[in-house]
Amino acid sequence: MLCLAHMSGREMDFIREAFDQNWVVPLGPNVDGFEKDLEAFVNRRQPWPAGSGQPAPLHKHVVALSAGTAAVHLALIGCGVGPGDEVLVQSFTFCASSHPVTYLGATPVFIDSEPDTWNMDPELLRHAIEDRIARTGRKPKAIIPVALYGMPYRADRIMEIADHYGIPVIEDGAEGFGSNFRGQALGTFGRYGVLSFNGNKMITTSGGGALICPDEKEARRILWYATQARESYPYYQHEAIGYNYRMSNICAGIGRGQMTIADEHIAHHRHVQKLYEEQLAGIPSLTVHTNPGPEYDSNFWLCTAILSPELKVKGQEQAYAHTVSGAVGGAAGVTRAATSAETDCQPNANVEALRLALDRAGIESRPLWKPMHRQPVYRENPAYVNGVSERLFATGICLPAGPWVTDDHVRYITDQIKANLL
């Protein structure tokens with residue numbers, strides 16, 4: 001697997017306690033405890049030079065939910081997004097960043113990436129806001145930057161622009177648990193921050209997520225929406241549409257155990273990243289993506305690399321000779337059979353050839369996320385593009401990472417990469 005969180009041993013203690021106390025429901029002591037653990041984690045600050053603009057300590061509140069996608073959905077509701085509205089979404093991301101916008105009858109407007117972080121381009125964001133106002137007469141209702149593969153976005157510039165236009169920011173930190181910008185945790189800059197605890201994330205609750213909220217009052221409102229928006233009567237009365245999005249006490253027990261080793265997980269990911277940087281440094285046509293500056297402190301949820309289009313890989317001429325029969329990635333879920341081996345926007349042949357070569361060697365790798373503005377389902381959506389995300393998708397690959405990846409594994413992986421280059 002690319003990146004699967006491993007268990008600490010404490011998870012079963014919390015799960016047994018839940019069964020012993022008959023708390024096998026979407027609330028309970030584990031849920032409360034997990035939220036407190038998460039609050040302590042996201043509110044802490046890493047050292048940053050004095051006088052460098054680091055903000056005063058905050059105290060964000062966290063609501064544990066059934067999925068990161070649910071967190072995006074509720075954050076959009078919290079921002080008042082509804083039918084006919086527009087939301088500015090980073091294009092280079094997984095579909096969970098944009099699909100909830102459509103759930104609400106709103107339109108995702110896609111913003112391309114900057115080349116150093118691979119995340120939302122602040123200047124393109126500013127241009128898009130001004131252009132949408134000119135075209136529609138209304139401001140977009142929210143902005144969703146994404147911490148792609150754990151890399152922090154340029155939080156200072158994005159927040160400066162968002163504040164200038166009075167547009168709330170929903171930080172999609174689903175891949176960025178443990179990442180910091182200028183010493184501050186991702187997810188704590190904007191109005192809301194999204195976390196994911198899917199099975200392949202930095203920590204897992206098997207499935208689940210959380211929403212970082214600005215204060216206790218807003219956290220209680222989000223919690224109300226997440227528990228079917230029930231009014232305080234001795235019977236079920238509903239005056240708004242709610243959702244069944246609360247995390248279960250069993251899943252939260254797993255999360256509490258995972259929190260005891262969260263820092264170990266993050267440290268190991270960064271260690272694996274350093275090994276890749278060292279062992280692939282001698283290949284001029286292959287570049288491992290790294291922190292672009294001292295402000296950035298990625299968790300390196302996944303380790304990624306770019307292959308020059310000129311780089312040749314063994315078997316490259318047969319890269320797209322056959323359709324994929326199943327999902328690429330053990331945690332990828334249910335898929336429909338592909339109707340053709342190729343699409344009009346896909347990785348270069350050398351990237352696919354390397355993926356296939358690694359697969360034959362028992363190594364799972366994946367292409368980068370396909371930009372949302374090139375997805376067929378969003379072909380009619382407005383998009384502000386500069387070519388960066390399409391170029392990265394064409395040339396990039398994700399390499400194995402996570403707690404199960406040892407130093408010997410990295411050596412084997414990098415040896416296989418080198419052996420398949422011409």
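No experiment lies behind these values; they were computed from the predicted model shown. Values reported hereafter were calculated over all heavy atoms of this structure, with side chains retained and with hydrogens, waters and symmetry mates removed.
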Pairwise distance OG(Ser248) to CG(Leu65) - rounded to 0.5 angstrom
12.0 Å

Could you tell me whether Asp85 and Arg138 make a salt bridge, using a distance below 4.0 angstrom between a side-chain N and a carboxylate O?
yes

Any idea which heavy atoms bring Ala174 and Ser196 closest together, and the distance?
CB-CB, 3.6 Å

Consider side-chain contact (heavy atoms from CB on, under 4.5 Å). Of Ile363, Thr406, Asp407, which one does Tyr412 pass it with?
Ile363

Does a side-chain heavy-atom distance below 4.5 Å link Leu76 with Ile144?
yes

What about the rings of His373 and Tyr378, do their centers lie closer together than 6.0 Å?
no

Rounded to the nearest 0.5 Å, what separates atom NE2 in His61 from atom CG in Leu223?
12.5 Å

Give a yes or no on whether the backbone of Ile413 and the side-chain of Gln416 come within a donor-acceptor separation of less than 3.5 Å.
no

Please check if any side-chain donor atom of Gln90 sits under 3.5 Å from a side-chain acceptor atom of Tyr153, or the reverse.
no

Check the side chains of Asp172 and Ser97 for a donor-acceptor pair under 3.5 angstrom, ignoring hydrogens and angles.
yes

Please lay out, stage by stage, how Phe197 and Met247 fare under the test side-chain contact (heavy atoms from CB on, under 4.5 Å).
CA-CA 11 Å; Phe197 309 119; Met247 180 179 284; 4.1 Å; yes

Take Val385 and Ser91 through the side-chain contact (heavy atoms from CB on, under 4.5 Å) test and state the conclusion after the steps.
CA-CA 9 Å; Val385 301; Ser91 183; 5.9 Å; no

Please check: side-chain N/O of Asn291 versus main-chain N/O of Gly293, any donor-acceptor pairing under 3.5 Å?
no

Taking atom types as modelled and ignoring hydrogens, do the side chains of Asp121 and Ser113 form a donor-acceptor contact shorter than 3.5 angstrom?
no

State plainly whether the residues Asp263 and Arg44 are in salt-bridge range, i.e. N to O under 4.0 Å.
yes

Any side-chain heavy atom of Ser179 sitting closer than 4.5 Å to one from Leu186?
yes

Could you go step by step and tell me if Trp118 and Ile306 meet the side-chain contact (heavy atoms from CB on, under 4.5 Å) rule?
CA-CA 12 Å; Trp118 299 6; Ile306 296 297; 3.8 Å; yes

Any ion pair linking Glu114 and Arg154 (charged N to carboxylate O, less than 4.0 Å)?
yes

For the residue pair Ala71 and Val194, what are the closest heavy atoms and their distance?
CB-CG1, 3.9 Å

A side-chain contact here means heavy atoms from C-beta on lying under 4.5 Å apart; do Pro347 and Pro367 qualify?
yes

Kindly indicate whether the side chain of Phe94, heavy atoms from C-beta on, has any atom under 4.5 Å from the side chain of Met372.
no

Does Glu86 come within less than 4.0 Å of Lys141, counting only side-chain N to carboxylate O?
no

Any carboxylate oxygen within less than 4.0 angstrom of a Lys/Arg side-chain nitrogen, looking at Asp32 and Lys36?
no

Is it true that a side-chain atom of Asp37 and a backbone atom of Met259 form a donor plus acceptor pair closer than 3.5 Å?
no

Can you name the nearest heavy-atom pair linking Ala240 to Ala229, along with the distance?
O-CB, 3.6 Å

Closest heavy-atom pair and its distance - Asn198, Ser206
OD1-O, 3.8 Å

Report the C-alpha separation of Lys201 and Glu175 in whole Å, then their side-chain angles, then the decisive distance to 0.1 Å, and conclude whether the side-chain contact (heavy atoms from CB on, under 4.5 Å) test is met.
CA-CA 7 Å; Lys201 293 301 191 294; Glu175 300 170 8; 4.2 Å; yes

Under a 4.5 Å cut-off applied to non-hydrogen side-chain atoms, are Ile266 and Phe300 in contact?
no

Contacts of Tyr320 meeting side-chain hydrogen bond (donor to acceptor under 3.5 Å, both in side chains) (sequence neighbours excluded), chain-then-number -> none

Is the centre of the Tyr296 ring less than 6.0 Å from the centre of the Phe181 ring?
yes

Hey, would you say the Trp301 and His269 ring centroids sit under 6.0 Å apart?
no

To the nearest 0.5 Å, atom NZ of Lys314 lies from atom CG of Leu356 at 14.5 Å

Around atom CD1 of Ile241, are there more than 12 heavy atoms from other residues, nucleotides or ligands closer than 6.0 Å?
no

With a 4.5 Å limit on heavy-atom distance, are the side chains of Arg374 and Asp344 in contact?
yes

Sub-4.5 Å side-chain heavy-atom contact between Arg191 and Glu171
no

In short, Pro122 meets Ile158 closest at the heavy-atom pair CG-CG1, 4.4 Å

Residues Gly150 and Asn299: closest non-hydrogen pair is CA-OD1, 3.1 Å

Take Asn348 and Thr395 through the side chain to side chain donor-acceptor pair (under 3.5 Å) test and state the conclusion after the steps.
CA-CA 6 Å; Asn348 290 343; Thr395 58; 5.8 Å; no

Test: Glu264 and Arg270 ion pair at under 4.0 Å:
no

Exam field: side chain His268 to backbone Val405, donor-acceptor pair closer than 3.5 Å
yes

Can you measure from SG (Cys345) to CZ (Phe393) and round to the nearest 0.5 angstrom?
5.0 Å

Would you mind checking if Asp297 and Arg182 are paired as a salt bridge, meaning a charged N to carboxylate O distance below 4.0 Å?
no

What do you reckon, are the aromatic ring centroids of His73 and Tyr245 less than 6.0 Å apart?
yes

Glu218/Arg220 ion pair, N-O < 4.0 Å:
no

Give the C-alpha distance, both sets of side-chain angles, the deciding distance and a yes or no for salt bridge (charged side-chain N to carboxylate O under 4.0 Å, His left out) between Glu295 and Arg157.
CA-CA 12 Å; Glu295 304 100 323; Arg157 292 289 293 121; over 6 Å; no

So how far is it from Glu390 CD to Phe92 CZ, rounded to the nearest 0.5 Å?
10.0 Å

Are the aromatic rings of Phe110 and Tyr384 close, with centres under 6.0 Å apart?
no

To the nearest 0.5 Å, how far apart are CG in Leu280 and CG in Leu399?
7.0 Å

Under a 4.5 Å cut-off applied to non-hydrogen side-chain atoms, are Pro382 and Thr107 in contact?
yes

From the list Val410, Thr290, Ile417, side-chain contact (heavy atoms from CB on, under 4.5 Å) with Tyr276 holds only for Val410

Only one of Val169, Asp156, Ile129 clears side-chain contact (heavy atoms from CB on, under 4.5 Å) with Ile161; which?
Ile129

Asp112 (side chain) donor-acceptor with Met120 (main chain) under 3.5 angstrom:
no

Might you work through the salt bridge (charged side-chain N to carboxylate O under 4.0 Å, His left out) test for Arg411 and Asp415, ending with a clear yes or no?
CA-CA 6 Å; Arg411 279 189 286 272; Asp415 285 347; over 6 Å; no

Short side-chain to backbone donor-acceptor contact, Asp131 and His127, under 3.5 Å:
no

